[in-house]
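The next block holds one structure in the form of structure tokens; read it before the comments.
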Amino acid sequence: MQFTQIPQHYSPLGDALLYTVKHTAAADIEVRVIDPSDSSVLAAKRFASVAEASFDIAPALRRGLRFEPRQGGTGFVDSAGRCATAQVKAFLSDDEAVVATSSSRVFLPGDSPASSPSLLTTMPRERLIPEGACDELTIFSEAAFAVTVTAVGPDSTSAQHYRSSNSGLQPFRLDTRDFPGAETITVDAGVCGQVVYTLVPAREEAVRLAWRSHVGSIEHYSFPVVRETTLRVDKTRGYGADGPVVTAWLSERETHLVSAYESTSVLEALAGVIAAPEVWLVEEEGYTPVDITTDEATILRHGAMCCLEIAFRSTRKTSASWN
């Protein structure tokens, strides 16, 4: 028995990841998708009386892919969990001895192939960022690379250099608080690309969200306007001799946000929040998961500037009971 087809290294999880195993005669074949880091079984499938079996492991890997932004200062951050690593083993069903083993493969979290080196992002390369805010860039390179962060202020210019220690998908975090007084900050990853930030005054009422984009990056955006906040309470009532009594309650808060008037390209990227598998509210204490309740967004209106309006609610509801 041998594998006659396996996906390319760094194939995207959004595509089918097809494996084909072939045996010399028809038999009952069991295949198992293994996590090489701890040898745990991620998925298994059995084929009855076949000499050749083809199967797609992408759905099993997509289910287990969960990651969130890292906190910290400017520099490279831990990339653990950003990609899926898998190895496939084939058995004859009546024998636990491994008959065929594929080589280990790393798969990228996006929905389309990524070239190396490149900067994976859906947002424009020139961006506004509030003073004191953070952002994250996802860089893909099969070789080690360097990043130079240049901060330009009214009276001075400073540059900091950072070098990656790994290859593959590398998240780079920018914390504008590390560059006080800067008016523009350029993050230059050489052949991978660069992003230029223009700092603007922070608005106290602004809400910053982060989300996982369809290319596998984590994007950030500050919504300057909170249109309304709604508190919903669901009460459980009991009835006694003196009338109704609240025995428990469950509450959730929904917030409606409005973006600035942006170009169509920016609104296209922001609309990805609606379809994102994971979205977070960016707070001083960290990243809090939220649920986007908006199902539709207007990104183009002929003859007029557009803004994006979305609503989110906390994925954790507050509940309490009364004695």
Side-chain angles (χ1 to χ4, degrees), residues 67-83 108-109 114 116-204 206-213 215-224 266 269 278-288:
F67 60 82
E68 63 182 25
R70 301 285 195 266
Q71 293 182 271
T74 301
F76 288 98
V77 296
D78 184 15
S79 61
R82 297 297 179 97
C83 298
L108 299 178
S116 173
S118 61
L119 176 63
L120 304 182
T121 183
T122 59
M123 298 292 284
R125 302 298 179 95
E126 295 186 3
R127 311 177 185 178
L128 299 179
I129 188 170
E131 295 172 342
C134 299
D135 199 21
E136 183 180 294
L137 300 178
T138 302
I139 304 168
F140 174 58
S141 176
E142 297 186 62
F145 60 94
V147 171
T148 300
V149 180
T150 304
V152 179
D155 302 317
S156 63
T157 298
S158 63
Q160 298 290 334
H161 304 280
Y162 307 84
R163 187 161 188 85
S164 70
S165 57
N166 300 309
S167 60
L169 207 65
Q170 286 289 291
F172 185 86
R173 181 174 172 85
L174 171 68
D175 189 339
T176 60
R177 293 172 295 186
D178 293 335
F179 305 94
E183 294 180 343
T184 63
I185 298 176
T186 301
V187 180
D188 186 356
V191 293
C192 300
Q194 72 173 24
V195 175
V196 179
Y197 297 89
T198 299
L199 280 78
V200 296
R203 294 170 59 95
E204 185 176 351
V207 173
R208 191 163 178 82
L209 294 183
W211 66 96
R212 203 176 105 195
S213 76
V215 299
S217 61
I218 291 182
E219 309 291 359
H220 291 68
Y221 182 82
S222 291
F223 289 82
V266 175
E278 293 173 281
V279 182
W280 302 269
L281 173 64
V282 184
E283 300 176 292
E284 190 67 29
E285 301 78 16
Y287 291 81
T288 303

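Computation of the quantities below employed the complete heavy-atom set of this structure, encompassing side-chain atoms and omitting hydrogens, waters and symmetry-equivalent molecules.
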* **Qualifying salt bridge (Lys or Arg N to Asp or Glu O under 4.0 Å) pairs with a residue from residues 119-130, counting only residues at least two apart or across chains** =>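 The answer is Arg127-Asp135.
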
Going by side-chain hydrogen bond (donor to acceptor under 3.5 Å, both in side chains), name the residues that satisfy it together with [X], two or more places apart in sequence or in a different chain.
{"X": "Thr138", "result": "none"}
{"X": "Glu136", "result": "Arg82"}
{"X": "Glu283", "result": "Thr288"}

* To do: List the steps, then state whether side chain to side chain contact (heavy atoms under 4.5 Å, CB included) holds for Leu199 with Ile185.
  => CA-CA 8 Å; Leu199 280 78; Ile185 298 176; 3.8 Å; yes

* Do Gln160 and Ser158 have side-chain N/O donor and acceptor atoms under 3.5 Å apart? -> no

Mind checking whether [X] and [Y] have side chains closer than 4.5 Å, heavy atoms only?
{"X": "Ser79", "Y": "Leu169", "answer": "no"}
{"X": "Arg173", "Y": "Cys134", "answer": "yes"}
{"X": "Ile139", "Y": "Pro117", "answer": "no"}
{"X": "Cys192", "Y": "Ser118", "answer": "no"}

* Structure fact -> Ala144 meets the side chain to side chain contact (heavy atoms under 4.5 Å, CB included) criterion, sequence neighbours left out, with Arg163, Ser164

* What residues, two or more places apart in sequence or in another chain, satisfy side chain to side chain contact (heavy atoms under 4.5 Å, CB included) together with Pro224? -> Arg203, Ala260

* **Residue list, ring pair (Phe, Tyr, Trp, His ring centres under 6.0 Å) with Phe76, at least two apart or on another chain** =>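 For Phe76, the residues satisfying ring pair (Phe, Tyr, Trp, His ring centres under 6.0 Å) (neighbours in sequence not counted) are Phe145, Phe172.
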
What's the shortest heavy-atom distance between [X] and [Y], and which atoms?
{"X": "Ala210", "Y": "Pro69", "answer": "CB-CG, 4.4 Å"}
{"X": "Phe67", "Y": "Gly81", "answer": "CD2-O, 3.4 Å"}
{"X": "Gly181", "Y": "Pro154", "answer": "O-CD, 3.5 Å"}
{"X": "Phe179", "Y": "Ala151", "answer": "CD2-CB, 3.7 Å"}
{"X": "Val149", "Y": "Val187", "answer": "CG2-CG2, 4.3 Å"}

* Contact list for residues 140-150, test side-chain hydrogen bond (donor to acceptor under 3.5 Å, both in side chains), sequence neighbours left out ->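 Every side-chain hydrogen bond (donor to acceptor under 3.5 Å, both in side chains) pair that includes a residue of residues 140-150, provided the two are not neighbours, is Thr148-His161.
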
* **Pairs where residues 175-187 contributes a residue and the test side-chain hydrogen bond (donor to acceptor under 3.5 Å, both in side chains) is met, not counting sequence neighbours** =>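 Sorted pair list: Thr74-Asp178, Asp175-Arg177, Arg177-Glu284.
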
* Structure fact -> In short, ring-ring contact (aromatic ring centres under 6.0 Å, His included) pairs touching residues 120-141 with sequence neighbours left out are Tyr10-Phe140

* Asked: How would you list, by chain and number, every residue that makes a salt bridge (charged side-chain N to carboxylate O under 4.0 Å, His left out) with Arg70, sequence neighbours excluded?
  ->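 In terms of salt bridge (charged side-chain N to carboxylate O under 4.0 Å, His left out), with neighbours along the sequence ignored, Arg70 is linked to Asp78.
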
* salt bridge (charged side-chain N to carboxylate O under 4.0 Å, His left out) against Glu131, all qualifying residues, sequence neighbours excluded ->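 For Glu131, no residue satisfies salt bridge (charged side-chain N to carboxylate O under 4.0 Å, His left out) once neighbours in sequence are set aside.
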
Going from [atom1] on [X] to [atom2] on [Y], what distance comes out if it is rounded to the nearest 0.5 angstrom?
{"X": "Tyr287", "Y": "Leu281", "atom1": "OH", "atom2": "CG", "result": "10.5 Å"}
{"X": "His220", "Y": "Ile129", "atom1": "NE2", "atom2": "CD1", "result": "8.5 Å"}
{"X": "Leu128", "Y": "Tyr221", "atom1": "CG", "atom2": "OH", "result": "8.0 Å"}
{"X": "Leu120", "Y": "Ser213", "atom1": "CG", "atom2": "OG", "result": "8.0 Å"}

* Is the backbone of Thr122 close enough, under 3.5 Å, to the side chain of Glu219 for a donor and an acceptor to pair up by distance? ->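 Flag set: sc Glu219 to bb Thr122 pair under 3.5 Å.
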
